[in-house]
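Before any comments, here is the structure.
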Amino acid sequence: ATCRGENWGLLREDGGTGGETSATAYFKELHVLAMMRRSIVDVSTGSDFPLENLPYGVVCEGGSRHVVARIGGLLREDGGTGGETSATAYFKELHVLAMMRRSIVDVSTGSDFPLENLPYGVVCEGGSRHVVARIGDFFVKMGVLVERLPEVFDSYGFDHVNARHVFSADSLNRFMDAGVEPRKATRRILTELLAEDGELNQLRDNPALKDEVVKPLDDPSISVQMPAVIGDYTDFYASKYHAENVGIMMRGKDNALMPNWKYLPVGYHGRSSSVVPSGTAVHRPSGQSVPASVDPPVPSFGPCKMLDFELEVACFVGKSSHLGNPITIEDAEEHIFGIVLMNDWSARDIQKWEYVPLGPFTAKNFATTISPWVVTWEALEPFRVPAEVQDPKPLPYLDGGSARKTFDITLDVNVRAPGIESPVRVCRTNYKHLYWTVEQMITHHSVTGCPMRAGDLIASGTVSGPEPESFASMLELAWRGTKPIQLGGENGERKFLHDLDEVIITGFAEKGDLRIGFGECRGIVLPAST
């Protein structure tokens, strides 16, 4: 009644309009207005698939078919959108909508670990280590799950004997080496067991079994461990913004990038023995350094005076390769298990003295901190975006062509000074700023026939972006000490890190109501031990 008027048609005294009943006329006049509502999913003007349509169909993802509803995305006559196949475009438009499901486990709003994430890690319980998946503030004991429900693993194509072998280990290495299909099968099993509307009801309808399999992380007897045994660790230098910033400081703007930088992903071999999980305290290293004022240079020994963080993202290698068999750019993704956040602690004054001619050594080998929950490629699929344009075009073995993709992941660094209650955010950047993708890093790393082993760690290098607030190290943020940053309080000015400063790295990918996070990569600086 409130909508009745000249814009919507005047009802006749007998209640009709043009011979129709008032109810029919009322509905016809209001139908379009009532149905046209805005969606949380981007829908282009003129799309065949607005919120008022919602047609149903079937998509194939990773070899499995899924019933879906579509919203947005206008397919071309040839079935593509912007050069992509119709299947890819169709799935991307639907991915967030299709995946957001309620869980039988309580997950707080804004959690890094909803049902759509399900990262893997290792916990210690009662002196024994267990491979687990995380949801909210709980973990799923994978070894117990396969023992209790072997038929479920068989029905999803992951032979329970193999699954038992993988999940009875005390690290993720066996699972990593199992390859993509067992990982995807496990993700489907977990999703259907933990979803309120899941097709598997064994946990939903059996509280005793659920309590045996799903455990709270806040139990004081539980401690989170390193997720994998890291055989080798390689650190790359994949951000053009970071490489240019450091080059400008060292060589000037005209020679910021070395001649090889745009032709290959530059890297060096790090020290896996000093990779530690989040929460591990880090001692300030000692070593040789030379003050800038000393000429000719004569080194002295003592604690590092220019201790720095480096915000990085690291990839765990999945399926192993073999000596003499390079991994192609087309196959590289098959050898990726998932990613974690990283702080590659750096002693800048020690590094400056020692790095010529062979690169970093003791300035980088004393500590590298990672977040303990490995987020898989499947969980990050909704957040794929085009990678940075590469000019010049890479050599053919590194050229991913139009398929080169990366992920839209927001990355933060917060630093808490001693005596200050709240940490201060000093950096916000994004994973998509990297010039070289992890697929290109793995391809180049293995091009000589170097074998890549499950559990190897491949780090991105400092993920600096184009703006000063996105510089991802103290070296850049304070511009080699010439522009100190403020952490608050009387002693809050910083050129580099002080003792008892705490560095907290976080990251998340977000689209609509869907948020996939990584937890924290945290470490506090302790005084030098020598």
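This chain uses plain numbering: 1 for the first residue, then up along the sequence.
- To the nearest 0.5 Å, atoms NZ (K141) and CZ (R148) are separated by 9.5 Å.
- Here the side chain of H433 pairs no donor or acceptor atom with the backbone of S464 at under 3.5 angstrom.
- We find the NE2-CE distance between H335 and M176 to be 15.0 Å, quoted to the nearest 0.5 Å.
- Under the rule for a side chain to side chain donor-acceptor pair (under 3.5 Å), the partners of E333 that lie at least two apart in sequence or sit in another chain are R384.
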- Walk me through it: do K240 and E388 pass the test salt bridge (Lys or Arg N to Asp or Glu O under 4.0 Å)? CA-CA 10 Å; K240 181 162 69 79; E388 290 256 338; 5.6 Å; no
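- Distance alone, capped at 3.5 Å, places no donor-acceptor pair between the S239 side chain and the L434 backbone.
- Between V413 and R425, the closest side-chain pair of non-hydrogen atoms is not below 4.5 Å.
- Taking W377 as the reference, F407 meet the ring-ring contact (aromatic ring centres under 6.0 Å, His included) condition, with sequence neighbours excluded.
- With hydrogens and angles disregarded, a donor-acceptor distance shorter than 3.5 Å links the side chain of Q440 to the backbone of T437.
- For R204 and E196, the salt-bridge test fails: no basic side-chain N is under 4.0 Å from an acidic carboxylate O.
- Between atom NE2 of residue H242 and atom CG of residue L311 there is a gap of 10.5 Å, rounded to the nearest 0.5 Å.
- Atom CD in E192 sits 11.0 Å away from atom CZ in R187 (nearest 0.5 Å).
- In the displayed structure, N491 atom CG is contacted under 6.0 Å by at most 12 heavy atoms of other residues, nucleotides or ligands.
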- Item | side chain to side chain donor-acceptor pair (under 3.5 Å) assessment of E125 paired with S221 | CA-CA 6 Å; E125 179 186 27; S221 68; 5.3 Å; no
- Task: Could you walk me through whether F508 and F518 pass the ring pair (Phe, Tyr, Trp, His ring centres under 6.0 Å) test, one step at a time?
- Result: CA-CA 6 Å; F508 62 91; F518 295 80; 9.4 Å; no
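- The backbone N or O of L475 lies less than 3.5 Å from a partner atom in the side chain of D308, making a donor-acceptor pair.
- When every heavy atom of G231 is checked against every heavy atom of S272, the shortest pair comes out as O-OG, 3.5 Å.
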- Query: When you look at L217 and F138, which way does the side chain to side chain contact (heavy atoms under 4.5 Å, CB included) test go after all the steps?
  - Reply: CA-CA 5 Å; L217 271 167; F138 297 82; over 6 Å; no
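- Judged by distance alone, the side chain of T369 and the main-chain N or O of V276 form no donor-acceptor pair under 3.5 Å.
- Using a cutoff of 4.0 Å between basic side-chain nitrogens and carboxylate oxygens, D112 and R515 are scored as salt-bridged.
- Going from atom CG of L193 over to atom CG of L149 covers 6.5 Å, rounded to the nearest 0.5 Å.
- V525 and H498 make their closest contact through CB-O, 3.7 Å (heavy atoms, listed as atom of the first residue, atom of the second, distance).
- A donor-acceptor distance shorter than 3.5 angstrom exists from the side chain of Q390 to the backbone of Y435, with no hydrogens or angles considered.
- Looking at N117, its side chain never comes within 3.5 Å of a backbone N or O of P114 through a donor-acceptor pair.
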- Message: Could you go through D501 and R494, starting from their C-alpha distance and side-chain angles, then the distance that decides it, and tell me whether this counts as side chain to side chain contact (heavy atoms under 4.5 Å, CB included)?
- Response: CA-CA 10 Å; D501 283 350; R494 292 290 185 276; 2.8 Å; yes
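- Proximity of S460 to V438: side-chain heavy atoms (C-beta onward) are nowhere separated by under 4.5 Å.
- W479 is listed as a side-chain neighbour of N245, based on a closest heavy-atom distance under 4.5 Å.
- D177 has no carboxylate O lying under 4.0 Å from a charged side-chain N of K319, or vice versa, which leaves the two without a salt bridge.
- When atom types are taken as modelled, the side chain of D232 and the backbone of D456 share no donor-acceptor pair closer than 3.5 angstrom.
- Here the closest non-hydrogen pair linking L487 and I420 is O-CG2, 4.1 Å.
- No side-chain heavy atom of V122 sits less than 4.5 Å from a side-chain heavy atom of V132.
- In this structure, CG on L477 lies 8.0 Å from CZ on F471, to the nearest 0.5 angstrom.
- With contacts defined as side-chain heavy-atom distances shorter than 4.5 Å, the pair V503/W345 qualifies.
- Side chain of E116 to main chain of R101: a donor-acceptor pair is present (N/O by atom type, distance under 3.5 Å, no hydrogens or angles).
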- Task: Evaluate side chain to side chain contact (heavy atoms under 4.5 Å, CB included) for L172 paired with V131, printing each intermediate quantity in order.
- Result: CA-CA 6 Å; L172 288 174; V131 172; 3.5 Å; yes
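- Open room surrounds CD on E421; 12 or fewer heavy atoms of other groups in view lie less than 6.0 Å from it.
- Side-chain contact of S473 with E476: a donor-acceptor pair under 3.5 Å is present, judged by distance alone.
- The number of heavy atoms from other shown groups lying within 6.0 Å of CZ (R428) is above 12.
- Side-chain atoms of M342 and T368, non-hydrogen and from C-beta on, do get closer than 4.5 Å to each other.
- Relative to the ring axis of Y156, R188 does not place its NZ or CZ within 45° and under 6.0 Å from the centre.
- In this structure, the side chains of V317 and I336 stay at 4.5 Å or more apart for every pair of heavy atoms.
- The two residues T234 and H445 make their nearest non-hydrogen contact at OG1-NE2, 2.8 Å.
- D499 is linked by a salt bridge (Lys or Arg N to Asp or Glu O under 4.0 Å) to R284, counting only residues two or more places apart in sequence or in another chain.
- The two residues F496 and L307 make their nearest non-hydrogen contact at CB-O, 3.3 Å.
- Taking all atoms of both residues into account, the shortest heavy-atom contact from S111 to G136 is OG-CA, 3.9 Å.
- In this structure, K364 pairs ionically with E310, as a charged nitrogen and a carboxylate oxygen lie closer than 4.0 Å.
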- Item | Working for side chain to side chain contact (heavy atoms under 4.5 Å, CB included), residues F139 and V224 | CA-CA 11 Å; F139 63 90; V224 180; over 6 Å; no
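- Between Y120 and F337, the two ring planes are tilted [angle within 30° to 60°].
- At distances below 3.5 Å, not a single donor-acceptor pair connects side-chain atoms of E520 with backbone N or O atoms of T506.
- Under the 4.5 Å side-chain criterion, counting only non-hydrogen atoms from C-beta, R416 is in contact with R522.
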